[in-house]
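To start, the structure itself, in structure tokens.
The chains referred to below are lettered A, B, ... by the order of the sequence lines, with proteins before strands, and numbering in each begins at 1.
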Number of protein chains: 2
Amino acid sequence: MANSRDVAKLAGVSISSVSRAFREDTYISKEVKQRILSAADELGYTPNLLARSLKNQKSHIIGLIISDIDNPFYSIMTRIIEAELKRSGYRILLSYSNENSEREAEDLSLLSSSRVDGILFTPTSVKNRSLVNQLKKQNIALVQMYRRGYTDLDSILVDDQRGAYLATKHLLQNGHRDILLLSVESSISPNRAEGYRQAMREENIPIQDHLIMHLPFQTDLRMTIYNKIKETQPTALIAGTNTIGMDFIKVCKEHKLSIPDDISLIMFDDVAWAGLLDITTISQPIDYLGLSACRAIIDRIEKNKSGEPIVSVLEPFLIARNSVKNLYLR
Amino acid sequence: MANSRDVAKLAGVSISSVSRAFREDTYISKEVKQRILSAADELGYTPNLLARSLKNQKSHIIGLIISDIDNPFYSIMTRIIEAELKRSGYRILLSYSNENSEREAEDLSLLSSSRVDGILFTPTSVKNRSLVNQLKKQNIALVQMYRRGYTDLDSILVDDQRGAYLATKHLLQNGHRDILLLSVESSISPNRAEGYRQAMREENIPIQDHLIMHLPFQTDLRMTIYNKIKETQPTALIAGTNTIGMDFIKVCKEHKLSIPDDISLIMFDDVAWAGLLDITTISQPIDYLGLSACRAIIDRIEKNKSGEPIVSVLEPFLIARNSVKNLYLR
DNA sequence: TTGTAGGCGTTATCAA
DNA sequence: TTGATAACGCCTACAA
């Protein structure tokens, strides 16, 4: 593979001129630049970004750790982030943590060694404190998305509590009282239950703690969900993620339960198929989430190197379709 | 950020010992290694992978260009690829081409400059011949997935023709004759129509060319699909991708058409929601596709540097659900 | 088993 | 506007 020395030789100039020919805002005559460019073309030369990064102490690469790619929510976000970062001249080193904090640790440490300029991630826990500290010391920008694990880092969040509140309120307004909340088990995002409780309190409905359930992160939850429904006999259900929603719908199909005739549903995440199945959802502003995260990290990298952590909270909203039965209309 | 020299100084050894302490299969005494490791720990030192890559002429990074991330098919594949490459010590530099060959060109050239060890991609066209040649000259391994654009590169394919054949055959066996094939417009994968024709010929059904339609790559195809259905009045439809399938289902909802009572459907890609809606699908072996692609590229990188292009073709299969009406049972 | 020195391909500084 | 040279941080002969 040809390097700048080869090009310099062929063009009859110095190696530093070659360097200049391949960068902006640099003094070089048109004529020389032209000669260098054609020499480079002849040799198939492209500047080596590895060497450039090493020299500049800047890789123009951002690590992205996605916690659960099977969730369409995160794949849409990934697309948005990729596009936005590309616009600003950054590229993505991708990995998936699978909601597993040890994998997250490996990823973080690899990104640390790779000298990325920043890391965008959804923390799975707060177990990787020391790694985070190391990254900070290294001056690698860190931005958390969707979950605020480490309070000293920038965070772009969605108000989950409000989402749960909206869902619960909507169900209450349709006459539901026995509402099952199926949320995800997580040490760092326990807000949904609170939104649920708040809505209940506002309507003076006694809160039944056994109707609030936190599910583990795993693929097939149908058994668990079915048993819980059998046991608690709710008239409505709030699914904390689209994967929980999907498993619930499967349960309904398998046991001939009709939505909303037998049981009503509101699901978090307005994924594409929710419209197909006419499901009322809590829509999270994925695009803003992605965009804000990109802006935040680029800002950290290019301007505001250090400073107080910035937290922005985005508002979810309810999209009403036909998966909630109005119990007052009987 | 501390470097190996700093660690060497603190541990009272030479810089080369530090290097050795951080690699396998190297001569170093336990005692010295231990001292180095704790010195490194104290300074928060991690080997700089950028420098290592530059020196070793090997980045352990593979470029992945995904053509359409909104398609769950590709996001699942991305997950599989990430996991498999990680197992082998490679990381992913991700980008999305959006089925746009100019973006693909940018991505390829950036990856070329980044000196990745290999590139996994789904070619959008064959317009980037010269870039591909440059990459080959650079000794960057190239593997195409899903589409065989450049015949001189390794390819991991799915037998689309067979998929279309299976779908058509299944519909014919259920008494359908007027079958609309909605495929994607692409210069490099025109096989579906052929599978359709083959099945038709086998049953001696005259082929109606206006029932074969190639749609452009874009988001909302509902209008086009509706008009085509109106015009051709088919009893069944084959959707070449899940996005086409989704748009078709939306059309049916909007115009109160029932699947399968008014019109039958077979869709390519067995995405998660297909089961929810009871749709008969042509399932593409995504996991094998991803795994094979990873094996192929690692093989190219680590063993079989040059050699004849390898083409492997995987078989799709039909998953029968309830979106096809049996016209013989009237 | 350990250390020295040169080079991987750039860019920044300084001088011409 | 151009060129020489010293880093950037690591690895690897080769020598000790």
Partners of [X] by salt bridge (charged side-chain N to carboxylate O under 4.0 Å, His left out), sequence neighbours excluded?
X: K33(A); answer: none
X: E24(B); answer: none
X: D299(A); answer: K303(A)
X: K86(B); answer: D107(A), E82(B)

Round to a whole Å and report the spacing from [atom1] of [X] to [atom2] of [N].
X: M1(B); N: dC10(D); atom1: CE; atom2: C1'; answer: 13 Å
X: K33(A); N: dT2(D); atom1: NZ; atom2: C1'; answer: 15 Å
X: R5(B); N: dA6(D); atom1: CZ; atom2: P; answer: 15 Å
X: K9(A); N: dT2(D); atom1: NZ; atom2: P; answer: 20 Å

N48(B): partners by side-chain hydrogen bond (donor to acceptor under 3.5 Å, both in side chains), with sequence neighbours left out:
none
S4(A) meets the side-chain hydrogen bond (donor to acceptor under 3.5 Å, both in side chains) criterion, sequence neighbours left out, with none
Report the residues that fulfil ring-ring contact (aromatic ring centres under 6.0 Å, His included) with Y150(B), sequence neighbours left out, ordered by chain and then residue number.
none
Tell me whether the OP1 or OP2 atom of [N] has a side-chain N or O from [X] closer than 4.0 Å.
X: Q57(A); N: dG9(D); result: yes
X: S14(A); N: dT2(D); result: no
X: S53(B); N: dC10(D); result: no

Beyond-backbone contact of V32(B) with I36(B), side-chain heavy atoms, under 4.5 angstrom
yes
Any side-chain heavy-atom pair from R147(A) and S67(A) closer than 4.5 angstrom?
yes
Apply side chain to side chain contact (heavy atoms under 4.5 Å, CB included) to the pair F73(A) and L289(A), showing each step before the final yes or no.
CA-CA 11 Å; F73(A) 180 81; L289(A) 225 174; 3.9 Å; yes
Expected output is a numbered-order residue list: members of residues 37-48 of chain A with a heavy atom under 4.0 Å from any atom of DNA chain C. What is it?
Y45(A), T46(A), P47(A), N48(A)
Sugar-phosphate only, base, or nothing, as touched by V13(B) at under 4.0 Å among non-hydrogen atoms:
sugar-phosphate
Looking at every strand, decide which applies to L54(A) at a 4.0 Å heavy-atom threshold: base, sugar-phosphate, or nothing.
base
Contact summary for L93(B) and R91(A), nearest pair of heavy atoms
CD2-NH2, 3.7 Å
Using a cut-off of under 3.5 Å, enumerate the N/O to N/O pairs linking the protein to nucleotides 12-16 of chain D.
from, atom 1, to, atom 2, distance (Å)
dT12(D), OP2, R23(B), NH1, 2.7

Side-chain atoms of residues 58-66 of chain A: list all donor-acceptor pairs with protein atoms under 3.5 Å, sequence neighbours left out, distances to 0.1 Å.
from, atom 1, to, atom 2, distance (Å)
K58(A), NZ, Y90(A), OH, 2.9
K58(A), NZ, D117(A), OD2, 3.1
S59(A), OG, I61(A), N, 3.3
S59(A), OG, R115(A), O, 3.1
S59(A), OG, D117(A), OD1, 3.4
H60(A), ND1, G89(A), O, 3.2

Can you give me the bend angle of the helix from dT1(C)-dA16(D) to dA16(C)-dT1(D)? Use the axis through the first five pairs and the one through the last five, nearest 10 degrees.
30°
Which two nucleotides bound the region of DNA chain C that has atoms under 4.0 Å from heavy atoms of chain A, read 5' to 3'?
dC8(C) to dA12(C)
Under 6.0 Å between ring centres: does that hold for Y45(A) and F22(A)?
yes
With a 4.0 Å cut-off on N to O distance, would you call D152(B) and R129(B) a salt bridge?
yes
